[in-house]
Q: 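Below you'll find the structure I mean.
Just so it is clear, the structure is predicted and the values come from calculations on it, not from any experiment.
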Amino acid sequence: MTHRISQIAEYTGQEVELKGWVFNRRGSNKVQFLHLRDGSGFIQCVLGANDGPDELFANVKKLSQESSVVVRGTVKAEARAPYCGHELSITDVELVGDAKEYPISKKAHGDGFLMDNRHLWLRSRKQNLILRVRATIIKAVRDYLDDAGFLLVDSPIFTPNACEGTSTLFETDWFDDRKAYLSQSGQLYQEAAAMAFGKSYCFGPTFRAEKSKTRRHLNEFWMVEPEAAYMDLDGDMDLMEDFMVHVVECVLEKHAEELESVLERDLSALKRVKKPLQRIHYDDAVKMIQDLESKCEDPDLKELLKIEWGADFGSPHETELTKLFDRPIMVYGFPSQIKAFYMKKWPGRPEVSKSVDMLAPEGYGEIIGGGEREENLEMLLSEIKRHELDPKDFEWYLDLRRYGSVPHAGFGLGIERAVAWICGLNHVRETIPFARTLDRLTP
């Protein structure tokens, strides 16, 4: 029977067999310390020169980094041992596959080199943990929505029209000389699903052809997008708040110790993610930013903070605004001119949309965007024309307003930005197994 390192504590005092790879090896002529990883965790395996046949000790001493091995031995509790508080006293080692000189060593490597070797970099302890946290976030997201009565309904990746302009869409040839586009969002299709099931969500890859090199942008990323019938903006913000608190709690419950020890993440900001989260109208947020700008003594930052009503927030605006609070905030009521055609107008203020962004602290900015959708057919037609879109491209979408239209709302969470914030990473490229950016299409 093969055992997993993640469950090693259950076998204290017992003989086990582990199948994995040599993460590191160190020692002397008297003792060898073999650091093993098996994909579920890391453990130190120990062999003394007199603990077995001379051949076994000699073979262990020759093992190179990332050689694949089967290790057998006795599990011992050892508080001083690295990784998991247990170690393995080796009785036998079987070499499965020898490894050549491994390109990623303990010395410092540049980001470009590490991304070129991303297929190998995933094996490192930090990258391993980041993707485990990502998996936990995804599970927490799906569990929350499933338990809340949302049905998973997959949205298509190929779409027939560019609903918000073609400048940030990837275009591809379809059949019969038609064009198709890689989806920027599954939301429009979730509106159809919500009208059928009441509450639905999609989770999948989305694509943006933005020529951006910022630390927050990828050209391919993953989004979860819930949508609910009979939900208004207040209900949407309630859902976003409860949803985000749940996700952070799940990560802390499972990974708090590793986040601190492996990623050196300060958990204080995450532990403060509790309800209620502050809700700030865009009008007030602009005034707060203008006040920060007037008091700013750094001339470069002062220039970046300049803003007038009607403008969207940039990274400096989001960063400085969130510094005024100790947890994520929700800014709502953005100008209609900077939001999509389907966003509902504020009653009595058509220049304002019933939209909302959740901004994470510590400079991570927007992680969720959403709002209430326009359910009135005539208003939606008017907006489609105002945005110079062809109504014929949206006939199916307009049908949702013709046959039993109801108020509805939803939001989208970018998984990679959430992972970056929760893990305290400087760049989103480490939050996805294989990043696709302006200058990277491999590995």
Q: Taking atom types as modelled, is there a side-chain donor on S200 or Q190 under 3.5 Å from an acceptor on the other?
A: yes

Q: Could you tell me whether K179 and E171 have a side-chain N and a carboxylate O separated by less than 4.0 Å?
A: yes

Q: Checking side-chain polar atoms at under 3.5 Å, does Y11 have a donor or acceptor matched by the opposite partner on H86?
A: no

Q: State, with a plain yes or no, whether a side-chain heavy atom of L413 is found less than 4.5 Å away from one of F243.
A: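 They are in contact (side-chain heavy atoms under 4.5 Å apart), so the answer is yes.
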
Q: So, are E249 and K274 salt-bridged, with charged N and O less than 4.0 Å apart?
A: yes

Q: Check the pair F113, W121 against ring pair (Phe, Tyr, Trp, His ring centres under 6.0 Å), reporting the backbone distance first and the verdict last.
A: CA-CA 10 Å; F113 174 85; W121 194 26; 9.6 Å; no

Q: Over 60° means perpendicular and under 30° means parallel, so tell me whether F23 and Y83 are parallel, tilted or perpendicular.
A: perpendicular

Q: Closer than 4.0 angstrom, basic N to acidic O: yes or no for K339 and D357?
A: yes

Q: Decide whether Y201 and D146 meet the rule of one side-chain donor and one side-chain acceptor closer than 3.5 Å.
A: yes

Q: Are a donor atom and an acceptor atom from the side chains of S336 and E351 found within less than 3.5 Å of each other?
A: no

Q: Are the charged groups of D236 and K354 less than 4.0 angstrom apart, N to O?
A: no

Q: Which word best sums up how the rings of Y189 and W396 line up, parallel for under 30°, tilted for 30 to 60°, or perpendicular for over 60°?
A: parallel

Q: Let me know which of E191, E378, E374, E395 forms a salt bridge (charged side-chain N to carboxylate O under 4.0 Å, His left out) with R401.
A: E191

Q: Please determine if R142 forms a cation-pi arrangement with F150, meaning its NZ or CZ atom is less than 6.0 Å from the six-membered ring centre and no more than 45° off the ring axis.
A: no

Q: Hydrogens and angles aside, do Q127 and E430 bring a side-chain donor and acceptor to less than 3.5 Å of each other?
A: yes

